[in-house]
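Working notes, beginning with the structure itself.
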Amino acid sequence: MTTAQIGISVTIVVYLIGMLLIGVWCSKKNNDTGDFYLGGRKLGPFVTAMSAEASDMSSWLLMGLPGLAYLTGIADAGWTAIGLAIGTYINWLIVAKRIRLYTHVAGNSITIPDFFHNRFRDKSGLLMGLSAIVIIIFFIPYTASGFAACGKLFSSLFGVDYFWAMVISAIVIVGYTATGGFLAASTTDFIQSIIMSLALLVVLGFGVYSAGGIGAVLDNAKSLPGYLSMTQTYDPATGTASTYGALSSFSMLCWGLGYFGMPHILLRFMAIEDEKKLKLSRRVASTWVVISLFVALMIGVVGLGMTKAGNLAFLEGSTSETIIVRIADLLSQNGLVCAVLAGLILAGILASTMSTADSQLLAASSSVSENLIQGVFGKKMTVKQSMTCARLTLLGISIIGVFLARDPNSSVFNIVSFAWAGFGASFGPVVLFALFWRRTNRYGAIAGMFAGGVMVFVWKYLIAPMGGLWDIYELMPAFVIACLVIWIVSVLTPAPSEEITQEFDKVKALNAEE
C-alpha cells in the first residue's frame, strides 16, 4: 500500500472503531424498548438538531447532490436544495413541538405507527399495520442507497470489489445500531454531522485551489450553456442547454414536502428532553442545512472546474456521484497529513451514509417487532424478547438492502428520491392532518396513507413516462392526492369521538404555551 492509502485506511478504521465503541457504551443505557427506540426522550437540543439533519441528508448530500450539479449545472440541484431548506425550516417550526407533545399525550407513543394508532384510537390495528408496511417498503431501498454509497466509495478509491466493500460497511452500521439503539444512532449522528461539515469544507477549499482559483471555476462554468442558470440545464453529451421550466422548478421545490413524513426525522422531534428547547434546535438545524446544501452544490461546480484544469478525468453517468471521492484521492497524494485529511473526507461520506442508515434501520425494525408482531398480530413478548426481535429484524432488513444495492451502477440520487417521495406522500399528509385538523378520523388517515403510497408508484411508472406536463417529481401529485383523500373521506365518515377531540384540544393548548 502507498503512504496515501495507509493514511486514509488508518483514519477510516479509527473512525469505524469509534462508532462501534459508542454503540457499546450506549447499550448500557438501554433498559427497555422505549430507550432502545427513542432514547428515553432524553436528547439535548444540539444532539436533536444535528442528529436530525445528519440522518436526513445521508449520502445524498456528499454524493448525489454534487454529482447532479457536476453533470447538469445548478438548476436541478439548486431548486431541490432550496426546497429542502424551506422544508427543513417549516418542519421544525410547525411540526416539531406539536408532535413531541402529541406523542407524549397520546399513550406515550414511541414510534410513528404507535402515534397514528393512539391518535385515532384504531382498535382494528389496520392503521398501525399499514404504517409499518409503508416504513418497511420505503426504508429498504433507502437503506440500500446508503450501502451502495459505501460500496462505491471503497471500490473507486482502493479498487476493491464493490459488493464486499458494501457488505463490510453494512456490518459496521448494523453492529453499532443493534447494540446501542436510538441513543447510539443519535450520538453517532451528532459526531457524524461534524465530520460531514469538515469534509465539505476541506473538499471545497482543495477543489478551488486545484482548479486554479474561484475565478477559473466560474469562467469554466460560464462557458457551458445553461450551466449556471436556474431556468436551463446543461447537457454534457451534446454541450448544449435545455429549458428548465417553471413546472420542473416547482416540482423540485416540492422535495421539501417530504420532511413532514420522514419517520427518522420525526423521531428526533419526539425524543428531545424538553420541547421548549426546540427553538434552539430549529436555528442550529436550519443554519447547518443551508450552509451544507450550498457547499455540496458548489463542490459539483468546482469538480467540473478541476476536470477542465486536467486534474480529474470526466465522470459520466452515476460515476459523477464519486466526485468527492476522486477529489479526496487527489488530495491524498500530497503527503501523510493530506492523506489523513483525505481519510477524514471519506469518513465524512461514511458518516453521511451511516447516520441515515442507522436511523432507518431502527425505524424499520421497530415497525416489525413493536407494531406488526406485537401490535397487529398480538404476540406478547418480554422486554428481552422484543429487543432481540428488533435486532434480528434490523439484520434481516440489512440483508435485503445489500441484495437490492448489489448493482454498482445504481444511482444514489434516484433511489433516495423515490423513497423520499414514498414517505412524503404516505405519511406527510397524515401527520399534518393528525396534528392540525380536529375533524380528521381514522378512515381518512387510512385512505390517505394508502392513496399517497400507491400514487407514488402509479405516477412514477405509469404517468410520468408519458412525458410533457406529466413528467414531474412524483411526490407533488401524490402528496396532493393524499391530502384530498384524507379530507373527503374524513368528511364523509363519522366524526372522531369526544375523547379524541378533547385530547386534540389539550395538545393544541399545550402547544400554544411558551
Side-chain angles (χ1 to χ4, degrees), residues 30-43 95-135 181-182 260-261 263-275 278 362-383 385-387 389-390 427 430-446 448-449 486 490 495-511 513:
N30 289 327
N31 299 315
D32 52 35
T33 51
D35 289 338
F36 188 77
Y37 291 130
L38 209 57
R41 298 188 193 261
K42 299 173 184 175
L43 294 191
V95 172
K97 182 180 178 181
R98 198 148 185 151
I99 199 168
R100 169 63 175 83
L101 293 167
Y102 219 141
T103 53
H104 184 69
V105 171
N108 195 28
S109 309
I110 62 173
T111 68
I112 297 301
D114 273 345
F115 169 59
F116 291 150
H117 174 78
N118 294 334
R119 160 69 173 86
F120 295 108
R121 306 297 195 275
D122 181 31
K123 296 179 181 179
S124 69
L126 182 59
L127 185 55
M128 177 183 285
L130 180 60
S131 303
I133 291 171
V134 167
I135 286 176
F182 184 85
F260 304 124
H264 53 300
I265 298 173
L266 298 174
L267 286 173
R268 263 57 184 192
F269 300 160
M270 294 160 57
I272 194 168
E273 60 183 353
D274 183 356
E275 64 272 6
L278 282 167
L362 268 178
S365 67
S366 66
S367 296
V368 174
S369 64
E370 290 290 307
N371 305 132
L372 282 180
I373 296 177
Q374 297 188 74
V376 177
F377 297 118
K379 173 67 175 177
K380 300 299 181 183
M381 291 189 286
T382 64
V383 172
Q385 289 173 330
S386 179
M387 293 183 69
C389 179
F427 282 169
V430 180
V431 167
L432 292 176
F433 275 81
L435 294 177
F436 295 102
W437 192 36
R438 195 170 183 263
R439 181 63 174 78
T440 313
N441 61 24
R442 74 182 188 91
Y443 304 104
I446 292 170
M449 188 181 298
I486 293 172
S490 293
S497 67
E498 185 177 350
E499 179 187 9
I500 294 176
T501 55
Q502 286 179 348
E503 184 178 82
F504 180 92
D505 292 338
K506 177 181 178 181
V507 173
K508 184 178 179 180
L510 288 172
N511 187 70
E513 296 177 3

(message) Could you work out, with salt bridge (charged side-chain N to carboxylate O under 4.0 Å, His left out) as the rule, every residue matching Arg442, not counting sequence neighbours?
(response) Asp122

(message) If you define the side chain from C-beta out and look only at heavy atoms, does anything of Phe120 sit under 4.5 Å from Thr440?
(response) yes

(message) Measuring from atom CG of Asp114 to atom CG of Asn108, what distance do you get when rounded to the nearest 0.5 angstrom?
(response) 9.5 Å

(request) Assess whether ring pair (Phe, Tyr, Trp, His ring centres under 6.0 Å) is satisfied between Tyr102 and Phe115, documenting all intermediate values. (result) CA-CA 8 Å; Tyr102 219 141; Phe115 169 59; 5.5 Å; yes

(message) Using side-chain heavy atoms (C-beta onward) and a distance below 4.5 Å, is Leu510 in contact with Val105?
(response) yes

(request) Report the distance from atom CD1 of Ile99 to atom CZ of Arg119, rounding to the nearest 0.5 Å. (result) 11.5 Å

(request) Return the minimal non-hydrogen interatomic distance between Ile486 and Val430, and the atom names on each side. (result) CD1-N, 3.7 Å

(message) Would you compute the distance between atom CG of Leu101 and atom NE2 of His104 and round it to the nearest 0.5 angstrom?
(response) 9.0 Å

(message) I want to check something: taking the side chain as every heavy atom from C-beta on, are Met449 and Phe116 in contact at a cut-off of under 4.5 Å?
(response) yes

(message) Does any part of the side chain of Phe427, heavy atoms only, come nearer than 4.5 Å to the side chain of Pro263, both counted from C-beta?
(response) yes

(message) Going by salt bridge (charged side-chain N to carboxylate O under 4.0 Å, His left out), name the residues that satisfy it together with Glu498, two or more places apart in sequence or in a different chain.
(response) none

(request) Work out which heavy atom in Ala434 is nearest to a heavy atom in Phe504; give both atom names and the distance. (result) O-CE1, 3.8 Å

(request) Using a 4.5 Å cut-off on heavy atoms from C-beta on, say whether the side chain of Thr103 contacts that of Asn118. (result) no

(message) For Asn511 and Leu435: C-alpha separation, side-chain torsions, deciding distance, then whether side-chain contact (heavy atoms from CB on, under 4.5 Å) applies.
(response) CA-CA 11 Å; Asn511 187 70; Leu435 294 177; over 6 Å; no

(message) Strictly below 4.0 Å, N to O, side chains only: are Arg121 and Glu503 in salt-bridge contact?
(response) yes

(message) My understanding is that only residues two or more places apart in sequence, or in another chain, count here; which of them pass salt bridge (charged side-chain N to carboxylate O under 4.0 Å, His left out) with Arg439?
(response) none

(request) For residues Ser109 and Met270, report the shortest heavy-atom separation together with the two atoms involved. (result) O-CE, 3.6 Å

(request) Evaluate the side-chain proximity of Ile500 to Arg438: yes if any heavy-atom separation is below 4.5 Å, no if none is. (result) no

(request) Please tell me if the side chains of Lys508 and Arg98 come closer than 4.5 Å, counting only heavy atoms from C-beta onward. (result) yes

